[in-house]
Amino acid sequence: MSTVRTRFAPSPTGYLHVGGARTALFNWLHARHTGGHFILRIEDTDRVRSTDASVQAIFEALQWLGIDYDEGPFYQSDRLEAYNTHIDRLVDAGHAYYCTCAPEAIEAMREKARATGAKPRYDGTCRDKGLGPRPGAVVRLRAPFTGTTVVNDRIKGAIVFANEELDDFVLRRGDGMPTYNFAAVVDDMTMNITTIIRGDDHVMNTPKQILIYQALGHPLPEFAHVPMVLGHDRTRMSKRHGATSVTAYRDMGLLPDAFINFLARLGWSYGDQEFFTRSELIEKFTLERVGKSAGVFDPVKMTALNADHIQAAAPADLAPHLRPFLAARGWDAADDAYLQAAIATLQARSKTLVEMAEQAHFYFNDAIALDEKAAAKFLKANVLDPLRGLRDRLVALATFDEKALEEVFAQVMEQFDLKLGKIAQPVRVALTGTTVSPGIFEIITVLGRERVVARLDRAIDHIVHKTP
RNA sequence: GGUCCCAUCGUCUAGCGGUUAGGACGCCGGCCUCUCACGCCGGUAACCCGGGUUCGAAUCCCGGUGGGAUCACCA
């Protein structure tokens, strides 16, 4: 059995969107699972809509997703020679022919056909004229009128098309560029692609492509059409459903591993399991377990999965992902050990890296802003002495760890007859400026004695000056 | 409209003739607790409809309905 070869073949006419990312992912997973090769090919035969910025955007998105390729990127625009030699083969063999019909004329014949309820297809005016190459002429496939073409899909099973539904479609445009269907077949053929995994929206192209394979006398690859990703209104996902660009999810603070986990589970399942690491995905992914029906993209569930991944990750692995978000806020996270310690306290309370960065504010801002309401409620004269007592004991503490801290708090609580809640909240406000944060002992330990004492002093000062 | 695909809780899904139809997200209770979270316990909620086949259908077949995709010298 020959080794599996899959490919992702986006057209660079915009950013990489969610559906494309999932197609890329499934191709990649199938290749990695089987020990095959994954190839990247840029389908830029549309000279008008293709842009270099889009190509870069696609690279950037794939890199973030962690989807690497073994061959490529190949550009169809570099391969015109290959398409032309195959066109010549087809014309010489009589499987294709030159056509000089004007686009307007063809549109007119389609209109007419639609009006009479007939199929809007090319009428074959040039089919038997035996025309040779000439400027502006297109090349059409001589397609069969009768019979049937069947797609044996790995996901959907056998799909039968009557050939009379197809017409002599264009293989090469008047400007010499191949059409999508032709270029895709020539490329898949010459790149020895064994398994074509792509979106559902391509099934209607498949019989046309099969006809081309047959005309070229080449064995068929396997096809696997993955169901669509829908928006909340069950229509194909688009801009009006919110963010569709992959990099937008990066910027929202998703972890790439969480994102691919979510994408994989949208359409693919493995029993009751929801959480998959990247290597588990590779190990367990098979086309057999890809479902047949389209699925709605649920950002809430995606975020929940992201929270699970954040919680399961090692702080050291999270740090590089969090850094850009800290930097964007102008915070200095150069101290890696400090950053990781801070992360460890935030993992259970962050659904996204954005949330984590926001909650990390007090770790990276020594000039913390005291929330007005919080200060008014908790930094009052009645806690002045307990805070002072705590401060002095902390300064005197020999070992500054959670165990010692708990003892110190216990002493202060007993001395002033306070419950932990009564002292923890004022301290929390003093250290973070707000009433919400990780556990009080955790943040004291992470912040370290110097910062803690300085902030307690500030709070004490605040009480002294703001309170009558 | 033609052609093609699809159909289990609101959503993602498990199920591949016999299950109290399971899990996850969400939502609602409760517990835990120094705040917020995490976690834990419990609850809510589904087989699109109609015919067959079968001792027995969510599972197989047919029809309907609904949704989606596609009908280019775009990919």
Side-chain angles (χ1 to χ4, degrees), chain A residues 9-13 43-46 48-50 76 99 101-103 106-107 110 114 117-121 136-140 151 153 155-157 159-162 164-167 169-181 183-184 199-207 225 227-228 230 232 234-236 262 265-275 289 291-305 307-308 311 345-351 355 359 374 378 409 413 419-429 432 434-441:
Chain A
S11 62
T13 54
E43 308 216 323
D44 56 353
T45 56
D46 183 339
V48 189
R49 297 201 300 152
S50 298
Q76 290 191 322
C99 166
C101 293
I106 290 166
E107 191 44 46
R110 265 195 265 270
R114 265 191 280 264
K119 303 206 181 304
R121 60 209 310 272
V138 304
V139 176
R140 290 178 182 277
V151 180
D153 196 273
I155 293 169
K156 296 181 180 293
I159 309 172
V160 181
F161 294 88
E164 60 181 7
E165 296 295 330
L166 279 15
D167 71 347
F169 55 92
V170 173
L171 301 177
R172 189 172 68 189
R173 292 186 266 255
D175 67 358
M177 292 297 275
T179 57
Y180 161 73
N181 282 127
D200 222 346
D201 49 337
H202 283 284
V203 294
M204 296 310 234
N205 287 320
T206 311
H225 288 96
M228 302 271 83
L230 273 23
H232 53 75
R234 299 209 138 269
T235 64
R236 189 182 182 146
F262 175 69
R265 274 293 283 104
L266 214 178
W268 172 82
S269 64
Y270 191 80
D272 280 343
Q273 190 172 345
E274 299 281 350
F275 184 100
R289 301 200 64 91
K292 293 201 225 185
S293 52
V296 174
F297 185 93
D298 180 3
V300 176
K301 181 150 185 172
M302 173 183 70
T303 306
L305 234 201
D308 290 343
Q311 197 158 193
T345 70
L346 262 15
Q347 281 175 278
R349 12 197 153 234
S350 312
K351 290 188 189 305
E355 281 185 17
Q359 297 182 92
F378 293 109
F409 268 75
M413 282 156 62
K419 286 191 173 174
L420 181 56
K422 290 294 176 189
I423 184 73
Q425 280 305 77
V427 172
R428 174 168 284 114
V429 174
T432 72
T434 71
T435 55
V436 176
S437 84
I440 200 74
F441 303 119

Minimum heavy-atom distance between [X] and [Y], given as atom pair plus value:
X	Y	value
Q347(A)	Q311(A)	NE2-O, 3.7 Å
A424(A)	I440(A)	O-CD1, 3.6 Å
E43(A)	Y180(A)	OE1-CE1, 3.1 Å
E164(A)	K119(A)	O-CD, 4.0 Å
D44(A)	M177(A)	O-CE, 4.3 Å

At 4.0 Å (heavy atoms only), tell me whether [X] reaches a base, stays on the sugar-phosphate, or touches nothing.
X	answer
G267(A)	sugar-phosphate
S50(A)	nothing
I440(A)	base
V427(A)	nothing
G174(A)	base
P438(A)	base
S437(A)	base
V138(A)	base
G439(A)	base
Q359(A)	nothing
R172(A)	nothing
L420(A)	base
T435(A)	base
R49(A)	base

Sort out the partner of [N] for me: Watson-Crick or G-U wobble, both distances under 3.5 Å, none otherwise.
N	answer
A72(B)	none
U65(B)	A7(B)
A57(B)	none
U19(B)	none
C36(B)	none

Listed nucleotide nearest any side-chain atom of [X], set [options]:
X	options	value
V300(A)	C6(B), A75(B), C25(B)	C25(B)
K301(A)	U13(B), G23(B), C38(B)	G23(B)
Q311(A)	G10(B), G39(B), U70(B)	G39(B)
R265(A)	A75(B), C34(B), C12(B)	C12(B)
T179(A)	A75(B), U3(B), C36(B)	A75(B)
A304(A)	G39(B), C4(B), C25(B)	C25(B)
R428(A)	C34(B), A75(B), U3(B)	C34(B)
M228(A)	G68(B), C6(B), C12(B)	G68(B)
M204(A)	U70(B), C73(B), C34(B)	U70(B)
D272(A)	G22(B), U35(B), A37(B)	G22(B)

On a whole-Å scale, what distance lies between the [atom1] atoms belonging to [N] and [M]?
N	M	atom1	result
G68(B)	G50(B)	C1'	23 Å
A46(B)	U33(B)	P	36 Å
U53(B)	G30(B)	C1'	49 Å
C31(B)	A14(B)	C1'	30 Å
G15(B)	C36(B)	C1'	40 Å
U59(B)	A21(B)	P	14 Å
C34(B)	G29(B)	C1'	24 Å
G22(B)	U3(B)	P	40 Å

Should [X] be listed as having a side-chain N or O under 4.0 Å from OP1 or OP2 of [N]?
X	N	value
R121(A)	A72(B)	no
R110(A)	C73(B)	yes
T235(A)	G68(B)	no
K292(A)	C6(B)	yes

Distance-only donor-acceptor test (3.5 Å): side chain [X], base [N]:
X	N	answer
R349(A)	C38(B)	no
K156(A)	C5(B)	no
D201(A)	A75(B)	no

Query raised in the report: Between S350(A) and Q359(A), does any side-chain donor sit less than 3.5 Å from a side-chain acceptor?
Result: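 There is such a pair between these side chains.
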Requested in this report: Scan side-chain atoms only and decide if D200(A) and H225(A) contain a donor-acceptor pair under the 3.5 Å cut-off.
Outcome: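 The answer is no; no qualifying pair exists.
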Query raised in the report: How about F441(A): does its CZ atom have over 12 heavy atoms from other parts shown lying under 6.0 Å from it?
Result: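 Yes - once you tally the heavy atoms of other residues, nucleotides and ligands closer than 6.0 Å, there are more than 12.
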Query raised in the report: To the nearest 0.5 Å, how far apart are CG in D46(A) and OG in S50(A)?
Result: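 So the CG of D46(A) and the OG of S50(A) are separated by 5.5 Å.
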Query raised in the report: Start at the 5' end of RNA chain B and walk down; is the nucleotide closest to E107(A) or to R289(A) reached first?
Result: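 First, find each residue's nearest nucleotide; the 5'-ward one identifies R289(A).
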Query raised in the report: Relative to the 5' end of RNA chain B, which residue comes earlier, E274(A) or F441(A), by the nucleotide with the nearest heavy atom?
Result: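 Counting from the 5' end, the first nearest nucleotide belongs to E274(A).
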Report task. With syn defined as a glycosidic angle within 90° of 0 and anti as everything else, classify C38(B). Result ->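 You should classify C38(B) as syn.
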